[in-house]
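The chains referred to below are lettered A, B, ... by the order of the sequence lines, with proteins before strands, and numbering in each begins at 1.
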Number of protein chains: 2
Amino acid sequence: MNEDLFKCLSDLNRRRILYCIGGQEMCVNSISECLELEQSLVSHHLKELYTCGLVTRERRGKKNYYKVSQKQVMDLLENAKELGDSLKVCKSD
Amino acid sequence: MNEDLFKCLSDLNRRRILYCIGGQEMCVNSISECLELEQSLVSHHLKELYTCGLVTRERRGKKNYYKVSQKQVMDLLENAKELGDSLKVCKSD
DNA sequence: CGTTCATATGAAGGAGTATTCATATGTTGT
DNA sequence: ACAACATATGAATACTCCTTCATATGAACG
């Protein structure tokens with residue numbers, strides 16, 4: 001279990017999970033359905049995201065609710081996306 | 001060879017290379033010496049950075065000069081670093 | 001043209017990581 | 001206490017990636 005931010009964000013499914021959660025609060029099941037990923041896979045990934053501090057967790061009843069820990073997390077994803085696009089465009093010149 | 005930005009940045013040596021180059025322009029040898037990494041390793045990494053568009057390359061004489069393609073690349077690294085620190089701090093609360 | 005310097009490339013080994021499956025843990029309601 | 005639900009965990013497999021070594025390519029220069 002690593003804590004490297006970039007390593008954690010380098011996995012597409014983990015980024016999809018973050019995007020899926022976005023500003024809300026979601027339980028494992030919902031994420032799993034939303035992304036059509038196995039429950040246990042989502043759980044594994046959430047654990048890594050949690051270890052990195054990218055998401056927080058709160059138990060209410062049977063469910064575990066996850067949310068993105070800081071706005072800056074989504075900002076970073078957004079910045080990276082823009083940069084990525086910009087790099088692609090530059091290469092096609 | 002992948003083009004995923006996060007994957008590319010997830011490797012520590014590649015990030016070290018980017019930091020090493022910074023605002024300047026550097027040839028493979030200098031980077032290799034500066035970071036104490038094998039020439040061929042640096043070359044492999046530079047290739048990936050190049051594939052992702054994170055660095056540009058210019059041949060002058062025998063040497064290949066690399067530089068970071070956009071200021072935003074270093075900005076992203078900086079943002080990620082800050083976020084990483086912030087996440088660590090929050091966890092120790 | 002052959003040698004030297006600078007870098008690139010390919011293959012191979014090894015380390016690390018994602019995914020799946022089976023099962024365990026924990027919670028609620030009866 | 002038991003059943004049903006929600007999630008977590010561990011082990012095993014498969015896959016990807018980093019690194020190294022050996023060698024190839026390309027440029028300058030005598």
Side-chain angles (χ1 to χ4, degrees), chain A residues 1-21 24-69 77 84 91, chain B residues 1-21 24-69 77 84 91:
Chain A
M1 194 73 42
N2 207 330
E3 304 212 2
D4 184 322
L5 189 58
F6 277 111
K7 278 244 169 62
C8 197
L9 292 174
S10 72
D11 184 78
L12 180 55
N13 279 333
R14 281 195 286 271
R15 288 195 312 259
R16 290 180 66 213
I17 290 174
L18 287 176
Y19 273 119
C20 178
I21 302 180
Q24 335 166 41
E25 199 182 42
M26 283 184 88
C27 65
V28 181
N29 233 337
S30 311
I31 299 171
S32 170
E33 282 174 16
C34 173
L35 299 177
E36 303 186 49
L37 294 176
E38 273 205 21
Q39 175 269 318
S40 84
L41 180 56
V42 172
S43 193
H44 278 301
H45 281 317
L46 282 169
K47 187 176 185 181
E48 296 227 9
L49 290 167
Y50 182 78
T51 303
C52 275
L54 289 166
V55 298
T56 57
R57 181 166 54 191
E58 192 193 336
R59 186 128 210 167
R60 283 205 300 280
K62 292 188 244 187
K63 298 189 176 178
N64 244 337
Y65 290 92
Y66 285 88
K67 69 183 163 189
V68 178
S69 64
L77 285 177
K91 278 204 291 182
Chain B
M1 193 74 44
N2 207 331
E3 302 211 4
D4 184 324
L5 189 59
F6 277 110
K7 277 245 170 64
C8 197
L9 292 174
S10 73
D11 184 80
L12 179 57
N13 279 332
R14 281 196 288 271
R15 291 198 307 262
R16 290 180 66 214
I17 290 174
L18 288 175
Y19 274 119
C20 177
I21 302 180
Q24 335 167 40
E25 200 181 41
M26 283 183 89
C27 66
V28 182
N29 233 336
S30 312
I31 299 171
S32 169
E33 282 174 16
C34 172
L35 299 177
E36 302 186 50
L37 295 176
E38 272 205 22
Q39 175 270 318
S40 86
L41 179 57
V42 172
S43 194
H44 278 300
H45 281 316
L46 282 168
K47 187 177 185 181
E48 297 225 12
L49 291 166
Y50 182 78
T51 303
C52 277
L54 289 166
V55 299
T56 59
R57 180 165 57 190
E58 192 192 336
R59 184 127 210 168
R60 283 204 301 278
K62 293 187 244 188
K63 297 191 178 178
N64 245 338
Y65 291 91
Y66 285 88
K67 69 182 162 189
V68 178
S69 63
L77 284 177
K91 280 205 291 181

Without decimals, in angstroms, what is the distance between [X] [atom1] and [N] [atom2]?
X: A/Asn64; N: D/dT7; atom1: CG; atom2: P; value: 7 Å
X: A/Asp11; N: D/dT16; atom1: CG; atom2: P; value: 12 Å
X: B/Lys47; N: D/dC17; atom1: NZ; atom2: P; value: 14 Å
X: B/Leu49; N: D/dC18; atom1: CG; atom2: C1'; value: 14 Å
X: A/Lys62; N: D/dA6; atom1: NZ; atom2: P; value: 5 Å
X: A/Tyr66; N: D/dA6; atom1: OH; atom2: C1'; value: 11 Å
X: A/Leu41; N: D/dA6; atom1: CG; atom2: C1'; value: 16 Å
X: A/Glu48; N: D/dG10; atom1: CD; atom2: P; value: 14 Å

Inset, instruction - Give a yes or no on whether the backbone of A/Ser40 and the side-chain of A/Ser43 come within a donor-acceptor separation of less than 3.5 Å. - result: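 No.
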
Inset, instruction - Select one nucleotide: of D/dA27, D/dA6, D/dT20, the one nearest the side-chain heavy atoms of B/Arg59. - result: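 Of the candidates, D/dA27 comes closest.
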
Inset, instruction - Please name the residue in the list B/Val68, B/Leu9, B/Ile17 that meets the side-chain contact (heavy atoms from CB on, under 4.5 Å) test with B/Leu54. - result: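 With B/Leu54 as partner, B/Val68, B/Leu9, B/Ile17 yield a single side-chain contact (heavy atoms from CB on, under 4.5 Å), made by B/Leu9.
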
Inset, instruction - Would you classify B/Arg14 as touching base, sugar-phosphate or nothing, given that sugar-phosphate means primed atoms plus P, OP1 and OP2, and contacts are heavy atoms under 4.0 Å? - result: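 Touches sugar-phosphate only.
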
Inset, instruction - Describe the nucleic acid contact of B/His44 in one word from base, sugar-phosphate, nothing, applying a heavy-atom distance below 4.0 Å. - result: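 Counting heavy atoms under 4.0 Å across all strands, the contact made by B/His44 includes a base.
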
Would you say the side chain of [Y] lies within less than 4.5 Å of the side chain of [X], judging by non-hydrogen atoms?
X: B/Arg16; Y: B/Leu37; result: yes
X: A/Leu46; Y: A/Ile31; result: yes
X: B/Lys63; Y: B/Asn29; result: no

Legend entry - Short side-chain N/O contact to D/dC18 OP1/OP2 from B/Asn13, under 4.0 Å: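 Answer is no, no contact under 4.0 Å.
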
Inset, instruction - For B/Tyr66 and B/Val55, work out which heavy atoms get closest and say how close. - result: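 What the structure gives for the nearest pair is CD2-CG2, 3.8 Å.
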
Inset, instruction - Between A/Gly61 and A/His45, name the one whose nearest nucleotide on DNA chain C is closer to the 5' end. - result: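 The residue whose closest nucleotide sits nearer the 5' end is A/His45.
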
Inset, instruction - Let me know, please, whether A/Lys7 or B/Tyr65 comes out on the 5' side of the other along DNA chain C by nearest nucleotide. - result: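 Closer to the 5' end of DNA chain C: B/Tyr65.
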
Legend entry - Spacing of NE2 belonging to A/His45 relative to CG belonging to A/Leu12, to within rounding of 0.5 Å: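 Rounded to the nearest 0.5 Å, the NE2-CG separation comes to 9.0 Å.
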
Inset, instruction - Would you grab the first and last nucleotide of DNA chain C (5' to 3') that comes under 4.0 Å of any non-hydrogen atom in chain B? - result: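 Boundary nucleotides touching chain B, in 5' to 3' order, are C/dC5 to C/dG10.
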
